[in-house]
Student: 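Starting off with a structure, shown below.
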Amino acid sequence: MAGKPILKVVPGQARAAEMPAVEIRGVALAFATADAPVMALSNIDLRIDKGEFLSIIGPSGCGKTTLLRLIADLEQQTEGDIAVNGVTPREARLARAYGYVFQAPALYPWRNALANVTLPLEIMGVARRDRLQRAAKYLEMVGLTGFERKYPWQLSGGMQQRVSIARALAFEPQLLLMDEPFGALDEITRDSLNEHLIRLWEQTGKTVVFVTHSISEAVFLSTRIVVMSPRPGHIVEVIDNDLAGKRSLDIRDTPEFLAVAHRVREALRSAHTYGD
Amino acid sequence: MAIDTLGTASGGGLWRRAVQGRVLPVATLLLGIFVLWYVAAIGLNAPQTRDRLNRSGEPWTVGDLVAGTWSMERPVLPTPSQIGAELWKTVVATPIASKRSLVYHAYVTASAAILGFLLGSVLGILLAVGVVHLRSLERSLMPWVIASQTVPILAIAPMIIVVLGSLGFVGLMPKSIISMYLCFFPVTIGMVKGLRSPDPLQLDLMLTYSASRAQVFWKLRWPASIPFLFASLKVAVAISLVGAIVGELPTGATAGLGARLLSGSYFGQTVQIWSALVMAALLGAGMVYGVGVVERLVLRRMGMGR
């Protein structure tokens, strides 16, 4: 969608490079409280390229969810700039540029699985036949064919979260923002959903920003891992993770995998010791 | 328990179902109430009956006294069988179109109550929608909504009838307005809560779709409020009947359950009063049950009835 770019291209930077999916510069967020403002985020700089699978990891309260909500325009920063596809988060939201998957499935209980997936399409005014076709396609992609007519209370927690992923995919956004989508699930379900998700990413080539507090999940899924630390929320380290083309659950026992996991753990630990 | 062993011994069937189901507990409770009622009728009616027996000058026994207390023409407390006989006489043995038929009076009151219930529900929903969407309305309107319910309906009903009467509204309408006045309140309170019941994530989701306010209302707030709506409608339908009956008292109405209560108390016809009360109770229960049936159908259709 047309919107004016809010970031000037700095001379000397690679002009030829494609516009990043998300660009964050000098972002800070202070919550006003009774006595003094509390810094939730400070000094965040991050560039997320198109097609990346980027994980944000950190302990509770480090502001990782808040950062994701800033990108989604569900909250506003007090300092700095964010560009999503070259426009402000608000313009990107109004242009429906991203799909958001929450910690909880947040399904509407009076809609069955199919109707939950068609919800965004109804709001965007997609014709009925297209809606049903697309919903069926994405329910199949998350392995829920045959469950279209089931209501949320008839589905397990893992199935509900898969419906919510299909719902985020249904209107085919190029950017997927996922906030600990598997955090409330057991490890077995989580493993299988992780495999699902990585296949999906390989198939669709979408940009994914994935918030998690699981090291193995972050290493398994992502091309880059951002390690964050609290008080105030800031980025400690950004770790490249090149396990390209061989992401199956077996790689979690390979030395390369363990080496990256070790680096992430070290980064989390170093950040934590001077924190308290 | 003895009953349990009996139930299993007879090997199921009707008796077992009666024991395990609701029939037996309900029947036991009902029997208990009836026994207490007859005993209370003896106590309350005894002084008058004793006077009557003494005046007759003949010797009387306790049996005579008991029989007398259960068959007075204008007892302080009529017995269930007297009320039953009166109900039979006025419901079954009288043509429905007759002014002596209790069914006719119940119909007059019920039509006012149901109209008032419908009007009150619509008003209650509209007020709730306004309050949820406009912060200024919440501040300015809610105190009046609450104040309206602190005024006793008995005090305000005659004035409503006088004012509406001078405007040319007579008959059904004034009673329905009083009914509506009582009905809208639980609906407003329930619907404000219901329309605000979606959790933050469900609302955030709508934000990520950049949905319009109308879309948020019709696709999220309204369906989420339906269980709350039915809970308030059950309260509203019960008090709609109270409103209609109260509306019949100050007009000296000639028809309706309220009129029956009033004329019964003028002439000391306690049996008539009690049978009108029983009719009103049955009518109220039926109306609440009706709302319950609609609730089950709607919630099942919405996939929320388990």
Side-chain angles (χ1 to χ4, degrees), chain A residues 1 65 68-69 71-75 84 89-116 118-126 148-155 161 164 167-168 170-171 173 175-181 184, chain B residues 121 124-125 128-129 132-133 135 187 190-234 291-306:
Chain A
M1 295 281 140
T65 292
L68 202 67
R69 290 176 65 86
I71 297 171
D73 187 43
L74 296 175
E75 255 158 82
V84 178
R90 184 179 154 74
E91 286 164 324
R93 177 171 68 79
L94 295 180
R96 291 146 177 166
Y98 65 84
Y100 202 107
V101 180
F102 294 95
Q103 277 171 12
L107 301 177
Y108 290 4
W110 51 88
R111 285 173 169 257
N112 62 28
L114 189 75
N116 264 292
T118 56
L119 173 71
L121 303 174
E122 282 170 34
I123 287 171
M124 293 166 198
V126 176
E148 292 90 348
R149 303 279 160 213
K150 296 277 186 239
Y151 284 90
W153 61 274
Q154 297 169 306
L155 299 170
Q161 196 55 283
S164 92
R167 181 179 60 187
F171 62 99
L175 175 62
L176 210 51
L177 305 175
M178 306 180 87
D179 181 12
E180 288 183 42
Chain B
S121 303
I125 291 169
V129 171
V132 167
H133 285 87
R135 189 149 288 275
V187 177
M191 280 305 276
V192 166
K193 191 151 178 62
L195 292 171
R196 287 189 176 147
S197 67
D199 68 50
L201 290 190
Q202 290 176 328
L203 285 163
D204 277 348
L205 192 70
M206 281 295 184
L207 210 56
T208 69
Y209 301 150
S210 69
S212 68
R213 281 185 103 173
Q215 285 172 325
V216 174
F217 181 82
W218 289 114
K219 298 212 182 282
L220 178 57
R221 289 191 190 276
W222 176 255
S225 70
I226 295 300
F228 294 82
L229 175 64
F230 277 106
S232 349
L233 287 184
K234 279 184 190 166
V291 173
V293 168
V294 176
E295 175 184 31
R296 269 204 300 285
L297 289 177
V298 170
L299 289 187
R300 193 179 305 155
R301 219 186 131 66
M302 288 175 77
M304 296 199 289
R306 306 196 174 180

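No hydrogens, no waters, no symmetry mates; every other heavy atom, side chains included, goes into these values.
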Student: Can you tell which part of A72(A) gets under 4.5 Å to a heavy atom of chain B, answering side chain, backbone, both or neither?
Tutor: neither
Student: What part of L177(A) is in contact with chain B, defined as an atom under 4.5 angstrom from a non-hydrogen atom: side chain, backbone, both or neither?
Tutor: neither
Student: By a 4.5 Å heavy-atom criterion (distance strictly below it), what part of I226(B) contacts chain A: side chain, backbone, both, or neither?
Tutor: neither
Student: Quick one: CE on M304(B) to OH on Y151(A), what's the gap to the nearest 0.5 Å?
Tutor: 9.5 Å
Student: To the nearest 0.5 Å, how far apart are NZ in K219(B) and CZ in R111(A)?
Tutor: 5.5 Å
Student: Tell me, out of P120(A), P173(A), A92(A), P109(A), who's got the most heavy-atom pairs with chain B below 4.5 Å.
Tutor: P120(A)
Student: Looking at chain B, which one of F171(A), Y108(A), Y100(A) has the largest number of heavy-atom pairs inside 4.5 Å, strictly under?
Tutor: Y108(A)
Student: Which residues from residues 197-210 of chain B are near chain A, with near meaning under 4.5 Å between non-hydrogen atoms?
Tutor: L201(B), Q202(B), D204(B), L205(B), M206(B), L207(B), T208(B), Y209(B), S210(B)
